[in-house]
Amino acid sequence: MIDDDRYFYQPDKGHGLPHDPLNAIVAPRPIGWISTLGEGGVNLAPYSFFNALGYTPPLIGFSSTAPKHTLRNARASGEFVWNLVTFDLAQAMNRTAASFEYGEDELALAGLTAVQSRIVSVPRVAESPVQFECRVTEIVTLRDLNGDPTVNTLVVGQVVGVHIARRLLRDGIFDTFATDTIMRAGGPTAYARLLPQSRFDMLRPA
Ligand SMILES: Cc1cc2nc3c(=O)[nH]c(=O)nc-3n(C[C@H](O)[C@H](O)[C@H](O)COP(=O)(O)O)c2cc1C
C-alpha cells in the first residue's frame, strides 16, 4: 500500500524541495566544535555531523564533508579537542565556520581565549564550559553503495581527558539542562537551545 500522505523521494534522484530536508530531519544535532593544531597555529571549526560513539573506551567522531583544515590537522597530529558550544558562544562558533587561510589562528580571530590542555598539545577554548581532549583512533573515508569512496571522512577520537566547569556538577551529576548547549537544527539558519523546559524523563524497560 502506498501512503499518499507521505512525501517520498530517493536521494540519488534529488529531493525536489527548496532545501535538502536531511539535516532538518536529523535534528537537533550536537555540535562538535573542534580545535586542532597545525603547522601554522590553532584551528577551530564547528562540525554537526558529530556524536559520541561509545562508552568504553569513550569515543567521539565527526565527519568532514570535504578536505578541510580540521581533518588535515587531525590526520597530521593525531589529536583534537572537542569544545561544548553554549548559547553565549553561538556567534563566536559561527565566526569559526568561515573559510580562513590555513594557519590563521581561528580561536583568536573569533575573540576567544586558548587554554593549554593537560594531555594533548591542542589548546582548548577557555570560554567553553566543557572540553574533551582526544587522540585520533581512526580516520575513515566513507563509501557509497558501490563501495566507492565519497567526499566524506569520519574522524574518530578516544577521549583521554575531560574538563567540566564545576558549576555544572550538581551533587556530582552533570546537569545537562544547566548548560544552555546549542544544537544545529534544519535549513540554513536554525539552531535549538537545550533549556530546562525541554526536559522529560522516562525509565528504560527492564
Ligand atoms: C553549525 C555548523 C555545523 C557544521 N557542520 C559541519 C560538518 O559536520 N561537516 C563539515 O564538513 N562542515 C561542517 N560545517 C562547516 C565547517 O565548519 C566549515 O567548512 C569550516 O570552515 C571548516 O573549517 P576548517 O577548514 O578550519 O576545518 C558546519 C558549520 C556550522 C556553522
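Here the structure is a predicted model, which means the values were calculated and not measured. All ligand and atom numbering here is 1-based and tracks the order in the structure.
Counting heavy atoms from C-beta outward, D175 and L169 have side chains that stay 4.5 Å or more apart. By the 4.5 Å heavy-atom criterion applied to side chains, V136 and E79 are not counted as neighbours. At least one side-chain heavy atom of L53 sits less than 4.5 Å from a side-chain heavy atom of V156.
Nearest protein heavy-atom neighbour of atom 8 (O) of ligand 1: F49 N, 2.8 Å. Of the protein's non-hydrogen atoms, the one nearest atom 25 (O) of ligand 1 is H69 N, 2.9 Å. If you check which protein heavy atom lies closest to atom 16 (C) of ligand 1, you get P46 O, 3.6 Å. Given atom 27 (O) of ligand 1, the protein heavy atom at minimum distance is T70 OG1, 2.5 Å. Atom 22 (C) of ligand 1 has its closest protein heavy atom at Y47 OH, 3.6 Å. Nearest protein heavy-atom contact of atom 10 (C) of ligand 1 is K68 NZ, 3.3 Å.
Listed by first then second residue, pairs satisfying ring-ring contact (aromatic ring centres under 6.0 Å, His included) with a partner in residues 103-158 read W82-F132, not counting sequence neighbours.
When heavy-atom distances to ligand 1 are checked against a 4.0 Å cut-off, N43 comes that close only through its side chain, counted from C-beta outward. Proximity of Y191 to ligand 1, defined as any heavy-atom pair under 4.0 Å, is confined to the side chain (atoms from C-beta onward).
Interface of S63 with ligand 1, defined as ligand atoms under 4.0 Å from a residue heavy atom, comprises 7 (C), 8 (O), 9 (N), 10 (C), 11 (O). Near A98, meaning under 4.0 Å from one of its heavy atoms, ligand 1 places the atoms 21 (O). Near R184, with a cut-off below 4.0 Å to any heavy atom, the atoms of ligand 1 are 1 (C). Close approach to A45 involves these atoms of ligand 1, each under 4.0 Å from a residue heavy atom: 22 (C), 23 (O), 24 (P), 26 (O), 27 (O). Listed by atom number, the atoms of ligand 1 under 4.0 Å from E106 heavy atoms are 26 (O).
Residues S128 and W33 have side chains that never bring a donor and an acceptor to within less than 3.5 angstrom of each other.
Taking the centre of each ring, F50 and F62 stay at or above the 6.0 Å mark.
Residues meeting the side-chain contact (heavy atoms from CB on, under 4.5 Å) test with D171, sequence neighbours left out: none.
Here the shortest heavy-atom distance to atom 21 (O) of ligand 1, taken over A97, S48, S99, belongs to A97.
Taking a cutoff of 4.0 Å between a charged side-chain nitrogen and a carboxylate oxygen, R199 and D201 qualify as a salt bridge.
The main-chain N or O of L44 is found under 3.5 Å from a side-chain atom of E106 such that the two form a donor-acceptor pair.
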